Amino acid sequence: MRGVSKHFGEIPAVDHLDLTVGNGEFVVLLGPTGAGKTTTLRLVAGLEKLDAGTISIGGHDMTTADPAVRDVSFVFQQYSLYPHLSVYENLAFPLRSPAHPHSKSEIRRRVTAIAEMLRITHKLDNRATQLSGGEMQRVAIGRAMVREPQIYLMDEPLSSLDAKLRADLRLELKRIQQDLGATLLYVTHDQIEAMTMANRIGVIDQGRLIQVGTPREIYQDPCNLYVASRLGQPAINVIPPGLIPRFAVPPGTASIGARTEHMHISRSVNGSGQGKVEWIEHLGDQNHLHVRIGDHQIITLVDPETPMSRGDDVDIALTGPLFFDAAGNRLRGTGDG
Amino acid sequence: MSEPQDSAADKLAARVASATPEPLARRVRGLSDRAIAWLFISPTIVLLLAINIFPLIWTIYLSFTNYKANRINRPIEFIGLRNYERVLTDTDIWHTLQVTAHFLCWTMTLQVVLGFGLAWLINKQFKGHGLWTTVILLPMMLSPAVVGNFWTFLYQPQIGLFNYAVSFVTGIPPSSFQMIGDVNLAPWAIVIVDTWMWTPYIMLICLAGLRSIPDYIYEAAEVDRASKWRQFWSITLPMVLPFLMLAVLFRSIENFKMFDLVVELTSGGPGSVTELASINLKREAFEKWRTGYSSAFAIILFVTVFGAASIYVKALNKVKQR
Ligand SMILES: Nc1ncnc2c1ncn2[C@@H]1O[C@H](COP(=O)(O)OP(=O)(O)O)[C@@H](O)[C@H]1O
Ligand SMILES: [Mg+2]
């Protein structure tokens with residue numbers, strides 16, 4: 001994809017997007033609702049005409065090609081199953097193309113294999129409309145996976161599943177992708193999906209690709225405040241430079257981004273701490289610690305066995321946090337604490 | 001604004017309440033909900049019984065007798081199944097049924113093909129499709145008597161537009177053939193008029209079916225490398241089929257009973273080549289006054305339509321459940 005743009009009226013849905021998905025690579029586009037993720041996939045699939053730029057797939061220029069010749073498969077956000085067909089027929093539909101024939105037994109073999117993998121074998125004879133949302137979504141994924149196209153395009157395929165199934169399918173999807181060596185462009189607003197599955201993540205906002213890199217790069221080395229705030233649980237704490245005394249910052253710093261691993265919080269010994277523990281949120285395996293400093297609140301992860309409790313005075317020390325200028329861009333200098 | 005209205009309604013209710021004689025009011029107050037429900041629907045039920053159910057039962061009764069409605073003084077004699085026997089062995093009856101079948105098959109075939117085709121074109125949303133939809137729907141809104149009259153003019157060999165149009169396309173002189181007067185052409189004349197009048201109906205229902213197919217289904221098919229041809233056969237047609245079948249059901253029942261339009265056009269002639277079952281029935285009942293005999297025929301027609309429609313509805317449900 002080179003310089004791809006698409007406008008709906010005045011709104012730029014996708015704005016000069018450059019992205020290359022390597023062979024066998026799993027690329028995740030991460031962005032909030034309305035960021036232009038769906039539009040990007042539709043442009044790649046050829047369901048939407050682009051205003052500018054070029055798209056090539058498998059080395060061939062496909063900018064104006066029909067969806068059928070692009071050899072892609074698509075998992076739609078709204079499932080898009082064929083409502084009048086059974087689950088079996090839905091899964092077999094892409095294989096029944098007269099131009100690319102498959103034998104009956106071959107179709108049966110592939111469909112049953114996919115159904116087993118997605119655990120919908122017992123629903124094969126159901127009509128597509130007689131399924132729950134999660135089952136429909138799995139059928140939609142299955143329909144994309146029965147073929148071996150140049151690239152799989154997936155639009156938030158796990159968003160309507162319950163947490164357990166989502167975690168299972170996340171692993172399953174990643175495993176299949178590695179086994180097949182498949183190329184995937186995957187779209188989501190869920191940072192965990194992006195972090196766990198991607199070879200590379202592209203962070204997208206308002207139609208612009210902000211940063212592309214491995215999950216590690218994106219997390220540890222975000223290029224601006226927006227990317228930093230998209231990743232991490234709990235979200236990164238943004239504090240003004242003067243808040244923590246005796247902490248030198250590079251010139252031009254407008255805000256400091258501090259994640260759990262950048263902070264050391266300890267009970268102050270002499271009762272003169274900078275912050276006060278306001279609240280401890282119990283999440284089972286870990287706790288969220290809410291600390292108030294002046295009129296700022298900081299949330300970090302702590303051990304469930306933390307000795308701190310509500311109302312305690314605490315000291316905060318920073319080690320290697322991220323610095324951002326007034327425009328939100330990253331400053332590469334180092335501070336010392 | 002609403003307050004005075006409310007109080008006006010209240011006042012009215014109070015007036016009605018005070019005007020109701022105390023014994024009646026007491027009785028109404030004592031009624032259960034169920035009883036009040038019956039009270040409200042009973043007029044409808046009485047009317048339905050009087051003008052639908054009673055005549056049906058009376059017709060069944062008459063079909064077993066030799067009653068003639070023009071001789072009311074003759075004693076009614078019960079003759080068992082003799083009328084039915086006569087109807088079923090009458091060659092005239094079989095002829096009219098044949099004419100009806102011909103009419104039914106051809107009108108349905110033509111209307112389905114044309115109606116679906118038109119709906120498909122209009123669904124393409126070309127420029128001005130709204131206007132075209134209205135224009136196409138016009139014939140359906142006319143009265144059959146008007147349409148019949150109107151087409152007798154169009155079919156005129158000397159001045160008829162239809163004959164001129166045919167002559168323009170094929171080159172045969174316009175006055176060399178008579179759509180209504182010719183034994184071979186008359187059955188087609190009524191098929192053409194009925195098709196002209198009722199294709200819009202099938203089109204309308206097909207259009208509803210086509211509009212019910214969401215765009216994203218076609219997008220999915222597009223990505224799944226289905227050609228336009230395959231999309232039509234494996235998506236469009238199966239999804240419109242239940243709508244189409246329903247339209248055909250309604251039209252078939254109507255056309256099986258077809259009377260007014262054909263009477264206006266040909267009155268069953270020339271000879272009896274366009275004498276549909278219902279036209280024959282009317283002749284037997286109100287020209288020859290064979291009331292018992294025609295009652296038997298009517299019952300046979302009713303049972304035929306009812307049976308065929310039930311089988312058809314079963315098939316329709318199967319299609320819908322696939
Ligand atoms: N068919 C369309 N017509 C007009 N605007 C659209 C259309 N599709 C998407 N948009 C707009 O483009 C922007 C990006 O949409 P989309 O790609 O669906 O976002 P996402 O999938 O990331 O939630 C949104 O502002 C949306 O309103
Ligand atoms: Mg979307």
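Labels below follow one simple rule: chain letters A, B, ... track the order of the sequence lines, proteins then strands, and each chain is numbered from 1. Scope of the values below: all heavy atoms of this structure, side chains included, with no hydrogens, waters or symmetry mates. Please read all numbers here as calculations on a predicted model, not as lab measurements.
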Applying a strict 4.5 Å limit to non-hydrogen atoms, the region of A:Phe76 in contact with chain B is side chain
For residues 216-228 of chain B against chain A, heavy atoms under 4.5 Å, the residues are B:Tyr216, B:Ile217, B:Glu219, B:Ala220, B:Ala221, B:Glu222, B:Val223, B:Asp224, B:Arg225, B:Ala226
task = For atom CZ of B:Arg211, decide whether the heavy atoms of other residues, nucleotides or ligands shown that lie under 6.0 angstrom number more than 12.
result = yes
**Q.** Pair A:Glu193, A:Thr188: side-chain N/O donor-acceptor within cut-off below 3.5 Å
**A.** yes
Between B:Leu204 and the options B:Leu118, B:Ile122, B:Thr199, B:Leu137, the side chain to side chain contact (heavy atoms under 4.5 Å, CB included) test singles out B:Leu137
Next on the checklist: Does this structure show an ion pair linking A:Asp155 with A:Arg42, if we count only N-O contacts that are shorter than 4.0 Å?
Outcome noted: no
When the 4.5 angstrom heavy-atom criterion is applied to A:Arg96 and chain B, the contacting part is both
Cut-off 4.5 Å, heavy atoms of chain B, and the answer for A:Leu153 is neither
Hits for salt bridge (Lys or Arg N to Asp or Glu O under 4.0 Å) against A:Lys123, two or more places apart or cross-chain, chain-then-number order -> A:Glu135
Polar side chain donor-acceptor pair, A:Ser56 to A:Asp61, under 3.5 angstrom: no
Classify the side-chain pair B:Asn255/B:Thr107 by whether it contains a donor and acceptor separated by less than 3.5 Å. yes
